[in-house]
Amino acid sequence: MAQYVVLIYEDEQGWISGDPATIEQGMKEHGAFAQTAGERLLGGQALQPTTTATTIRRDESGGFAVTDGPFVETKEALGGFYIIEAADLDEAVETAKQVPAPFGGVEVRPVQHYG
């Protein structure tokens, strides 16, 4: 079995200032996803808003530039992730289709293993 990360990209304002009933329903849907995924779900977490992000990049002199906030300004931001186990990409995609993302969508990527 291979491991895949399911990245959840959404408009975070939906979670920050959205209708409480919609937010509660979204949380229930994530709980239901975890139950449905069962042993295929290896882990996952929600992330704090992008206002808490710190971006680190190498500068031209070989040092580092550290800035507050995410590197790119977009409507949708990485809001959380799941790590799942699947036989192949097709199975991972079928599992990822069940991940609630009421304010955006998800991305599936294989986990890189070294050694």
Side-chain angles (χ1 to χ4, degrees):
M1 291 286 239
Q3 291 180 353
Y4 295 85
V5 65
V6 180
L7 302 169
I8 304 167
Y9 288 96
E10 298 185 286
D11 179 350
E12 66 186 355
Q13 285 304 309
W15 291 105
I16 293 169
S17 59
D19 172 56
T22 301
I23 293 168
E24 183 178 341
Q25 179 62 33
M27 296 307 293
K28 286 180 183 177
E29 289 174 3
H30 279 282
F33 168 73
Q35 291 294 325
T36 301
E39 292 181 6
R40 291 176 301 186
L41 180 59
L42 303 179
Q45 291 292 328
L47 299 175
Q48 293 289 328
T50 55
T51 56
T52 66
T54 301
T55 301
I56 303 163
R57 293 208 172 258
R58 268 202 197 275
D59 61 24
E60 293 105 28
S61 66
F64 293 95
V66 179
T67 56
D68 291 334
F71 180 69
V72 294
E73 296 287 331
T74 64
K75 181 179 177 185
E76 294 179 346
L78 180 61
F81 65 94
Y82 287 110
I83 300 172
I84 61 171
E85 201 166 52
D88 55 29
L89 179 59
D90 291 336
E91 185 177 300
V93 168
E94 287 307 310
T95 299
K97 286 178 180 177
Q98 300 171 43
V99 173
F103 305 108
V106 302
E107 174 184 336
V108 176
R109 279 200 219 171
V111 172
Q112 178 71 45
H113 292 281
Y114 296 96

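Start at 1 with the first residue, then count along the sequence.
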**OP:** Could you label the plane-to-plane angle of the Trp15 and Phe103 rings as parallel, tilted or perpendicular, counting under 30° as parallel and over 60° as perpendicular?
**Re:** perpendicular
**OP:** Examine Leu41 and Leu7 and state if one hydrophobic cluster contains both, with Ile, Leu, Val, Met, Phe, Trp and Tyr joined whenever side-chain heavy atoms are less than 4.5 Å apart.
**Re:** no
Subject >> Minimum side-chain heavy-atom gap Asp90-Glu94 below 4.5 Å >> reply: no
Subject >> Glu39 CD to Ile84 CD1 distance, which is reported to the nearest 0.5 Å >> reply: 14.5 Å
Subject >> Closest heavy-atom pair and its distance - Gly80, Leu78 >> reply: O-CD1, 3.5 Å
**OP:** Identify the heavy atoms of Gln3 and Leu42 that sit nearest to each other, and give their distance.
**Re:** NE2-CD1, 3.4 Å
Original post:
Do Val106 and Val5 sit in the same hydrophobic cluster, where Ile, Leu, Val, Met, Phe, Trp and Tyr count as joined when their side-chain heavy atoms come under 4.5 Å apart?
Top reply: no
Subject >> Minimal non-hydrogen separation, Pro100 against Phe33, with atom names >> reply: CD-CB, 3.9 Å
Original post:
Quick one: does Arg57's side chain get under 4.5 Å of Phe64's, heavy atoms only?
Top reply: no
Subject >> His30 vs Tyr82 side-chain heavy atoms within contact, under 4.5 Å >> reply: yes
Subject >> Heavy-atom pair of closest approach, residues Ile23 and Gly18 >> reply: CD1-O, 3.6 Å
Original post:
Which pair of heavy atoms, one from Leu89 and one from Tyr4, lies closest together, and at what distance?
Top reply: N-OH, 3.0 Å
Original post:
Short question: side chain of Tyr9, backbone of Gly104 - any donor-acceptor pair under 3.5 Å?
Top reply: no
Original post:
What closest approach, in Å, do Ala92 and Ala86 show between heavy atoms, and which atom pair accounts for it?
Top reply: N-CB, 3.6 Å
**OP:** Find the distance between OG1 (Thr50) and CD (Glu76) and round it off to the nearest 0.5 Å.
**Re:** 12.5 Å
Original post:
Quick one: do Val108 and Ile83 end up in the same hydrophobic cluster if we chain Ile, Leu, Val, Met, Phe, Trp and Tyr together by side-chain heavy atoms under 4.5 Å apart?
Top reply: no
Original post:
Are side-chain N/O atoms of Gln98 and Thr36 paired as donor and acceptor at under 3.5 Å?
Top reply: no
